[in-house]
2 protein chains.
Amino acid sequence: MDKSVARALSILEAVAGAHAPVRLSDVAQSLALQKSTVHRILRTLVSLGYVDQEPVTDRYRPTLKAWEIGMGALTHHPVRRAAAPFLNELHAATGETVSLTVLSGDDVLYLEKIVSPRPMSFSTRAGSRTPAPLAAGGQAILAHEPDAAAIVERVAARLLNRRDFDPDAFMRELADVRRRGYAISRPEPDVVAVAAPIMGQGGRAAGALTISGPASRLDDARLIDAVAALRQACARLVETVGQI
Amino acid sequence: MDKSVARALSILEAVAGAHAPVRLSDVAQSLALQKSTVHRILRTLVSLGYVDQEPVTDRYRPTLKAWEIGMGALTHHPVRRAAAPFLNELHAATGETVSLTVLSGDDVLYLEKIVSPRPMSFSTRAGSRTPAPLAAGGQAILAHEPDAAAIVERVAARLLNRRDFDPDAFMRELADVRRRGYAISRPEPDVVAVAAPIMGQGGRAAGALTISGPASRLDDARLIDAVAALRQACARLVETVGQI
DNA sequence: TCCTCCTGTTCCGCCAGACGGAACAACGTT
DNA sequence: AACGTTGTTCCGTCTGGCGGAACAGGAGGA
């Protein structure tokens with residue numbers, strides 16, 4: 001199974017995921033690899049153009065080449081292609097932050113996010129992950145996921161002592177979400193988010209559209225409008241593309 | 001130089017860059033590799049989560065994992081971080097399409113693009129490339145690039161018979177761009193774009209901001225406004241972050 | 001100033017493991 | 001039914017990745 005390929009990709013992940021240029025020894029230590037091995041692989045990554053090395057500090061940082069090939073994958077992603085115009089439409093109609101999420105493992109992955117011009121505490125960004133049960137979009141998706149219980153349980157185990165998260169109560173809540181057709185969550189004191197699922201084939205959700213903003217602006221009346229806009233957008237989305 | 005790593009990444013590029021799920025044989029042929037080699041590497045890429053295989057057709061398609069690590073590289077990109085708020089501001093002020101580009105090899109790379117709600121012929125997208133001399137943003141950058149002549153010559157050789165592109169005339173035009181402080185181009189009949197450089201250290205441009213739209217809407221008066229807004233945004237940008 | 005502990009880098013012998021030709025099973029087309 | 005594909009598997013050869021050890025250079029401390 002091509003050991004060096006696996007190592008090279010894990011090194012690339014480490015370099016790209018760091019907040020600042022990384023040092024060779026840190027990479028070697030965090031991945032439990034030999035320095036000489038990391039050095040050789042980093043040298044090939046440099047020569048391939050995926051990584052470059054700062055001249056003075058000798059630190060390694062990612063190039064935008066990885067991003068380029070990633071963008072290729074994203075732009076051809078069927079759900080994103082289909083949902084893009086509706087995202088813009090929702091943002092134009094409401095003026096709030098609108099995002100598109102899909103399920104990825106036990107997390108929800110933010111494919112796209114059009115932020116409100118009046119910014120709030122910048123929480124998630126395109127390309128970031130959040131445990132599915134903690135995001136409105138994730139709840140909308142999980143409500144139609146056959147093995148939602150298993151996901152919820154794993155997530156509960158993962159953030160064991162983080163906050164009060166009751167799996168059983170959450171599963172009952174999911175039943176409500178499925179019945180209502182939308183999800184609502186208040187992840188932080190002054191933040192509220194509503195989401196509706198993008199229904200795909202087999203009764204499962206291919207993704208979710210979310211509208212979020214400060215609770216002080218999104219009062220009950222505006223939330224009702226937002227939910228209506230979301231559900232209408234999702235309905236037209238699935239009929240536009242038929243089966244995703 | 002880790003042959004298998006280089007091969008794996010070129011295979012990943014091929015899979016991610018394709019417009020549709022690809023077949024093993026096509027990858028093998030286009031990269032001049034043995035089928036068994038491609039198969040083995042693809043299997044490791046699948047097991048690492050970078051690629052998955054369609055159940056029925058056995059075709060291979062990219063996962064969003066490559067995009068995730070790429071987004072890590074992008075969000076930590078210094079120029080993009082610094083320029084993001086100004087992009088939003090310019091878009092809010094003008095209502096036109098605003099984009100951020102950097103020089104990458106002989107091309108200009110679109111890091112970000114906020115499209116006008118009134119869309120025009122969708123040309124470039126975030127993550128795509130264009131030969132630097134053919135884009136307004138590229139011209140703004142090249143005007144301050146020491147070896148612009150070499151780049152222009154290579155690009156001229158590359159698109160030899162594509163259109164009438166005169167390197168010498170272009171270099172004279174670049175001098176004007178440098179003196180004026182902004183670039184203007186009309187890549188298609190009804191499209192006009194203006195761009196200003198984001199000046200970095202050493203007198204070189206770290207990137208460029210571009211405003212583009214249909215020529216029918218962007219008349220002379222609006223273009224003058226757009227250029228003023230661009231130059232002001234770029235000036236404040238460099239003073240905000242000091243040395244990029 | 002010398003010593004110590006880092007760093008990134010280079011060298012090289014060993015042998016794991018990547019390589020690739022060939023053969024395979026499963027479809028689709030002629 | 002014969003042929004052209006496809007993706008997949010097998011296996012012998014030997015390349016090329018592996019990693020311990022040694023190196024050069026710099027930072028910090030005594």
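Chain A is the first sequence line, chain B the second, and so forth, proteins listed ahead of strands; every chain is numbered from 1. The structure displayed is predicted, hence computed values, not measured ones.
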Checklist entry - Would you call Arg236(B) and Glu89(B) a salt bridge, using N to O less than 4.0 angstrom? => result yes
Next on the checklist: Can you confirm whether Glu153(B) is buried at CD, in the sense that more than 12 heavy atoms of other residues, nucleotides or ligands lie under 6.0 Å from that atom?
Outcome noted: no
Checklist entry - Which parts of nucleotides 4-14 of chain D does protein reach within less than 4.0 Å, heavy atoms only, written one letter per nucleotide 5' to 3' as B for base, S for sugar-phosphate only and - for none? => result --BBBB-----
Checklist entry - Just wondering, more than 12 heavy atoms not from Arg81(A) lying within 6.0 Å of its CZ? => result no
Checklist entry - Does CZ in Arg129(A) sit with more than 12 non-hydrogen atoms of other residues, nucleotides or ligands closer than 6.0 Å? => result yes
Item to check | Test item: side-chain donor near acceptor, Thr75(B) and Arg80(B), under 3.5 Å | outcome: no
Checklist entry - What nucleotide among dG17(C), dG19(D), dC19(C) has an atom nearest to a side-chain atom of Gln34(A)? => result dG19(D)
Checklist entry - Do other residues, nucleotides or ligands put more than 12 heavy atoms under 6.0 Å from Glu13(B) CD? => result yes
Next on the checklist: When you measure from the side-chain N and O atoms of Ser4(B) to the phosphate of dA18(C), is any distance below 4.0 Å, counting only OP1 and OP2?
Outcome noted: no
Checklist entry - What string of B, S and - do you get for nucleotides 25-30 of chain C, 5' to 3', when a contact is any protein heavy atom under 4.0 Å? => result ------
Item to check | Pairing pattern in dot-bracket form [Watson-Crick, G-U; both distances under 3.5 Å; | = partner strand] for DNA chain D | outcome: ..|||.||||||||||||||||||||||||
Next on the checklist: Check this for me, if you would: do Asp2(B) and Arg7(B) make a salt bridge, where the nitrogen-to-carboxylate-oxygen distance has to be below 4.0 angstrom?
Outcome noted: no
Checklist entry - Is the distance from OP1 or OP2 of dG20(C) to the nearest side-chain N or O of Arg7(B) less than 4.0 Å? => result yes
Next on the checklist: I'd like to know if Asp52(B) pairs up with Arg59(B) as an ion pair, taking the criterion as any Lys NZ or Arg NE/NH1/NH2 lying under 4.0 Å from an Asp or Glu carboxylate oxygen.
Outcome noted: no
